[in-house]
Number of protein chains: 2
Amino acid sequence: MASTAQPTTLTDIEREVIAFFVGAVQALGLPKSLGEIYGLLYISPEPLSMDEIMTRLQISLGSASQGLKQLRSFNAVRTAYKPGQRRDYYEAETEMRKLLGNFLREQMRPHLEAGKERLDHLEELMSASPDIAPTQRQRIQKLQSWNQHADRLLPMLNLFLRS
Amino acid sequence: MASTAQPTTLTDIEREVIAFFVGAVQALGLPKSLGEIYGLLYISPEPLSMDEIMTRLQISLGSASQGLKQLRSFNAVRTAYKPGQRRDYYEAETEMRKLLGNFLREQMRPHLEAGKERLDHLEELMSASPDIAPTQRQRIQKLQSWNQHADRLLPMLNLFLRS
DNA sequence: TGACATTTTCATTTTATTTTGAAATAAGTT
DNA sequence: AACTTATTTCAAAATAAAATGAAAATGTCA
């Protein structure tokens, strides 16, 4: 029964919370293991050591280490200081706003910037090609104007997350 | 030079537009070939046949067919009727609003729904476990309340796309 | 410092995704 | 109908991504 679960066993509830986050990270195109680790930490009342994460999720040392690293990289997880303890303990950032905000900042922005550079380059190419088809010119302009919209999107999302 | 490109060759501009969309679809976790096909159609002044898509992008028959299928599935591409022509011609939906709107509807919604079901299930599990740790109960409630926020996000994005 | 515990790194293996192309299907023409 | 052209499907191959675990690096304590 769930109430006397072994340390290496997950309760139904834990399993379901983990599944929830696995689905979420997969929707964002991130590896499943990130969802597992985050989910476990999210539902855990206490910070967990890497060792506990490994045994409870049945994942390898490397996965655990790399997963935690990535999760810390966008502040989804932080190390919790436990006095007199040698090993590190990890806990989840449970504030969804911060979580999503950080994620957008770290993962989306680079793509947007890369896109902007490409559009700048297109601008140059277009000036250098006076013979370009009018339709093509229009389409590129459309892209450029839309990119400016996109710039407003991120701030707006942040506003939403603050609400 | 670019201005005298062979039919099977891409101009610098075309290449750059395609690269732009490849980046975009990859940011969304979709296969590169979708970006290539869409990009080519986007910058093409005329609808293209599958054959032209294959030869210009140097991709296989299967990729072209499957890629177009997927792109049509969320209305990023449609077939353009050309009278008296045997083969199908494809053109891009150039309205970014529709494009993004369709994408969110098709790809995001299912994930959100799956998440909602999981949360409902958690609700049940929680009622069945009176002995659950208070922290865990709180965390699950947090998840549920946040999920309601998420419901408001999609409509808001649509609003934005309309602006 | 030396012994031990813990975490990180990284080459290899495993797994999952994407692409390919040949065969099957469909659609049009004579 | 037979023939041709175009498209879809799908099993196999190629590629890409993720997980593994042993070795290296780092950190801690006596």
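Values below: every heavy atom of this structure, side chains too, minus hydrogens, waters and symmetry copies.
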Nucleotides bounding contact with chain B, strand DNA chain D, heavy-atom threshold 4.0 Å: D:dT4 to D:dC10
Tell me, do A:I140 and A:I132 make a side-chain contact under 4.5 Å, heavy atoms counted? yes
Base, sugar-phosphate, or nothing for B:D88, non-hydrogen atoms under 4.0 angstrom? sugar-phosphate
Does any pair with a residue in residues 66-105 of chain A pass ring-ring contact (aromatic ring centres under 6.0 Å, His included), and if so which ones, sequence neighbours excluded? A:F74-A:F103
For A:R86 and for A:I59, locate the closest nucleotide of DNA chain D by heavy-atom distance; then report the residue assigned to the nucleotide nearer the 5' terminus. A:I59
If you look only at pairs with a residue in residues 118-145 of chain B, which of them pass as a ring-ring contact (aromatic ring centres under 6.0 Å, His included), with sequence neighbours excluded? none
A:Q85 side chain vs A:K82 backbone, donor-acceptor pair below 3.5 Å: no
Can you sort out the partners of A:D120 under salt bridge (charged side-chain N to carboxylate O under 4.0 Å, His left out), two or more places apart, ordered by chain and number? none
Output all residues satisfying salt bridge (charged side-chain N to carboxylate O under 4.0 Å, His left out) with B:E123, sequence neighbours left out; order by chain, then residue number. none
Is it true that a side-chain atom of A:S63 and a backbone atom of A:I59 form a donor plus acceptor pair closer than 3.5 Å? no
Got B:P45 and A:Q136 here, is their nearest side-chain heavy-atom distance under 4.5 Å? yes
Using heavy atoms and a sub-4.0 Å distance, could you list which residues of residues 62-73 of chain A are near DNA chain C? By number, please. A:G62, A:S65, A:Q66, A:K69, A:R72
Looking at residues at least two apart in the chain, or sitting in another chain, which of them share a salt bridge (charged side-chain N to carboxylate O under 4.0 Å, His left out) with A:R139? none
With axes from five pairs an end, tell me the bend angle of the helix from C:dT1-D:dA30 to C:dT30-D:dA1, nearest 10°. 20°
Answer yes or no: is there a side-chain heavy-atom contact under 4.5 Å between A:Q70 and A:L34? yes
Nucleotides bounding contact with chain B, strand DNA chain C, heavy-atom threshold 4.0 Å: C:dT18 to C:dT29
In chain order, what residues pass the salt bridge (charged side-chain N to carboxylate O under 4.0 Å, His left out) check against B:E106, with sequence neighbours excluded? none
Identify, with sequence neighbours excluded, every residue that meets ring-ring contact (aromatic ring centres under 6.0 Å, His included) alongside A:F21. A:Y38, A:Y42
Provide the closest heavy-atom pair for B:I53 versus B:L48 in the form atom of the first, atom of the second, distance. CG1-CB, 4.1 Å
For B:Q148 and B:S145, which I'm curious about, is there any donor-acceptor pair between the side chains at under 3.5 Å? no
Expected list for residues 18-45 of chain B near DNA chain D, using heavy atoms below 4.0 Å, is none
How close do A:R105 and A:P110 get, heavy atom to heavy atom, and via which atoms? O-CD, 3.9 Å
